[in-house]
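To find a chain, count down the sequence lines: A is the first, B the second, and so on, and within it residues start at 1. No hydrogens, no waters, no symmetry mates; every other heavy atom, side chains included, goes into these values.
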Amino acid sequence: MSKEKFDYFIKGEKGKYEVVIGLEVHAQVLSKSKLFSGSSTKFGADPNNQVSLIDSAFPGMLPVINEECVKQAVRTGLGLNAKINNFSVFDRKNYFYADLPQGYQISQYKNPIVGEGKVLLDMPYGSKEIGIERLHLEQDAGKSIHDMDPSNTYVDLNRSGIALMEIVSKPDLRSPDEVNAYIKKLRSIMRYLGTCDGNMQEGSLRADVNVSVRKEGDKNFGTRCEIKNVNSIKFMQMAIEYEAARQVKLIENGKEIDQETRLFDTKKNETRSMRSKEDAHDYRYFPDPDLLPLKLEQRLIDDLKKSLPELPDKKKERFIKEYGLNAYEANVLVSEKDISDYYEEVAKLSDKKLAATWMMGDLFAMLNDKGLDISKSPISAKHFAELVQSIKSGEISGRIAKEVFEIMVESGDNPKKIIESKGMKQQSNPKELEKMINEILSKNKDKVDQYKAGKEKLFGFFVGQVMKLSGGKANPQLTNEILKKLLKG
Amino acid sequence: MADITNQSLNEIIENIKTKKVSSTDLTKAYIKNIESAKKLNAFVTTTFDKALDNAQQFDKKPNFDQLLPGIPLAVKDLFCTENTKTTAGSNILNNFIPSYESTVTKNLWDNGSFLLGKLNCDEFAMGSSNETSHYGNVINPVGDQLVPGGSSGGSSSALAADLTPATIGTDTGGSIRQPASFTGTVGLKPTYGLCSRWGIVAFASSLDQAGPMTKTIKDCAIMLESMSGFDEKDSTSINKKKEQYSKNLKDNIKGLKIGIPKEYRVDNMPKEIDELWEKGKKILIDLGAQLIDISLPHTKYALPTYYIVAPAEASSNLARYDGVRYGFRSKQGKDLIEMYEKTRSEGFGDEVKRRILIGTYVLSSGYYDAYYLKAQKVRQLIKKDFDESFKKIDAILTPSTPSSAFKIGEKTNDPVSMYLNDIFTVPVNLAGLPALSLPAGVDKKGYPLGLQLIGKALDEQKILNIGYAFEKNCGFKNEIKKWWS
């Protein structure tokens, strides 16, 4: 793979500007119940059906930490190569809103559960390390619904109290592409770990995006703006592009950038000021007296570490070594745990390299077309491996394989059965082929003479005739050999 | 038989067990007392019908093995009671009927008792005279012009007036011990975490603790045993084996070392308080205890520390009363913010607003380090003072309050002088220790005065034992004339 050069700059009238981006990703912890109550976290229930007295902050109700959520945060921290803090504290972040029943969100402020870590991105210009500043646990708020009634707001507290991990990156990202790669990598790691389903449509993964710009080569960061709560990679990229251009324009017009919180309007494709630094909430953080500091025994951390699955970076290395894949192939095949599992099952039963090629080609195209995850693939890994083996052994040609593949998608049948019942087996019997070729040559004596007189281009014509007669089933390699031999004679 | 309601809880239990009185007759006797004591304004809600139902059920199928067999009890209106209105003394909860029962009250009912009614208290337990309640001030049975103390003023008044055989309160800075002292009764604030906070309307989470208020030490032991215990629903609850405080009560305290802290002597303290303290020391010496002078050098910072930590936590704890999901909501207000403002302005009284303002201020950015953080550090020093002292002593003896019960209205316009009432009680809450207030004498006006016994964490049994021995030798008798009926 050729190495391209990094080249994402905003071009202004007065020069090139580098874009500096940091992300605060809110990832919903995969757990059966909420962070401090026993209510279910299942998505899609009727409004206010998954709300306990604790989630709705009735008088005298107290939070009790959900151990599974703590373990999930530790696992994620380990997956981000981060320092796990044996001592962390839950704080109250105080503000009033109708969908915040307690009047405060329980979060972690000065002492988060996870400290500094890093993730590796594979960019076309090489691998790039993005620093993680911290990861902390916090409660989600409920949902205010403004469009059900002209004069009233409705509140759904199903989400209230669900555990979130806020993963804060260092300001190490430099382009929308890197943001794309970073989010996908984070999601991939968390899905491998089973700590977050990464489902952006359901809001399991959202991000606040911090953007600033500076002249190329400048050492100091510019003033940043925070774009709140963007819920898709595409919108993040659009928001960054808009915001960076806006900031460059301000700078070039000699204006100051205000440090502020902005909203991204997805319909108008622009960011809008939400509140300035002066209007920023004073959250009056203080340690939640209802909860004791969270003390993690090193043994628990060590046990969790031992039980971690193989993560994408390690798996990629192994795929290259074990299966002889190139870096690009390995990268694609480890991006999702389900994909890598599927590949490994196929590779065990068939040619490793050919399996990779066919998976990344026809299988991915079909899944993409149908909008399916690989876990829902109409072709099982076992059947897919059989198909790859049929190609490898010469039983069918690549062209026929495409037809078999189509039928497999439709019927879910195994390829052997399809090949046999439809008589699609490749004609690889030399005697049969020779008989067929002799028949063609005797029908086209004039062309044989021309060929022998030097018009060698006609070779292709004879191959075409063989394929036509055999219904595409003639083994191409064998056909070539026999044709050459007979035309010489 | 003679009026059963002026007996101790322990005596009443004996009478129930020996079938000298039925639970129904007992309950009827209390209902009669309550109905003739409306002037005291001790009750916010009565549950007579339910109580009589419960009593009759008990009498039909009595279980005498329980700690509180067939005993009707009134409790402070800060404990959430299932299907019975719970107001916390506030307008903002004037219509709030919980669908759940607090752990502490559930423990009491599980031991055979049942609810007689909900007792008045200072709004959200913020006050030292029961004058901040939305439901009117409570009168001390000791005298018709006197406050019963606070915030558990309804509890102390009802107990002293024989309207309940025993009761429970909550103590954040002295709210059990001070009213006990003002009414000549016994009040215990247990070790932080001994009684679950689940289902108690929160004031200041790191300080709040429920405890018994009774006529005698033995009663106190019975009640504590009934109400305490580990609760997995409260993360600050202590997971330890339940103790049998009443069974293990002993009056032999020979050889125990009692600390006398020199810092518990404040300017302008009435001579009578000093004399009471001296009397207490003498009784302990006569019982074979040894007095040791100790120093708790950070005591003078306890009150300011308390008045930073408690309002800070309260300002956050009370944010949930916003009119959105339950409780009072102002009919006015065009939008969300205005609805909040009107609801909270009309729903909260002055003292609660004052503490929310103080708490919000001390947590604000730019002031946090100077106030809240510093207060937390001082709190650690106060705790360390106690820890150091307890290396060489078994318990500490101090006065409970710097004065006897004061007049209604006397301090309402002077919050600081009101706050000074807590000066001997707040250090204990800051340190999370158990402390007992026991009646020890009267001042020259004849108003009761209490002494405070402070113990090591989880050393309730020891201070109860000292109190038990003290009670037998003190000769205090609460002479309350039933002027109200």
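Of the listed residues (A/A98, A/A57, A/P59), the greatest number of heavy-atom pairs within a distance under 4.5 Å of chain B belongs to A/P59. Of the listed residues (A/G103, A/P289, A/P287), the one with the most heavy-atom contacts under 4.5 Å to chain B is A/P289. Here B/D234 is the residue among B/D234, B/D335, B/L207 with the most heavy-atom pairs under 4.5 Å with chain A.
Counted within 6.0 Å of NZ on B/K240, heavy atoms from surrounding residues, nucleotides or ligands total more than 12; the atom is thus considered enclosed. Atom CD of B/E232 is surrounded by 12 or fewer heavy atoms from other residues, nucleotides or ligands within 6.0 Å.
Note: B/T360 OG1 to A/N94 CG = 8.0 Å, rounded to the nearest 0.5 Å. Put simply, CG on A/D290 and CD on B/E313 are 8.5 Å apart, with the number rounded to the nearest 0.5 Å. Remark: B/S205 OG to A/D288 CG distance equals 7.0 Å, nearest 0.5 Å. Within the model, atoms OG of B/S315 and CZ of A/R92 stand 9.0 Å from one another, a figure rounded to the nearest 0.5 Å. Taken from CG in A/L291 to OG in B/S235, the straight-line distance is 5.0 Å, to the nearest 0.5 Å. The CZ atom of B/R320 sits 9.5 Å away from atom OG of A/S56, with the distance rounded to the nearest 0.5 Å.
Side-chain contact between B/I337 and A/F96 is absent, with no heavy atoms from C-beta onward closer than 4.5 Å. Side-chain contact between A/F286 and B/Q376: absent, with no pair of heavy atoms (C-beta onward) separated by less than 4.5 Å. Taking 4.5 Å as the limit, every side-chain heavy atom of A/I54 sits out of range of all side-chain heavy atoms of B/K233. Side-chain atoms of A/R284 and B/Y368, non-hydrogen and from C-beta on, never get closer than 4.5 Å to each other.
Here the side chain of A/D282 pairs a donor or acceptor atom with the backbone of B/S365 at under 3.5 angstrom.
A ring-centre distance under 6.0 Å is found for A/F58 and B/Y326.
Heavy atoms of B/F79 lying under 4.5 Å from chain A are absent altogether. For B/A88, no part lies under 4.5 angstrom from a heavy atom of chain A. In this structure, chain B has heavy atoms under 4.5 Å from both the backbone and the side chain of A/Y97. The contact between B/V201 and chain A is made by backbone and side chain atoms together, counting heavy-atom distances below 4.5 Å. For B/I200, the part lying under 4.5 angstrom from a heavy atom of chain A is the backbone only. Heavy atoms closer than 4.5 Å to chain A are found in the side chain of B/F96, but not in its backbone.
Of all the heavy atoms in A/Y104 and B/S316, the pair that sits closest is CD2-OG, 3.3 Å.
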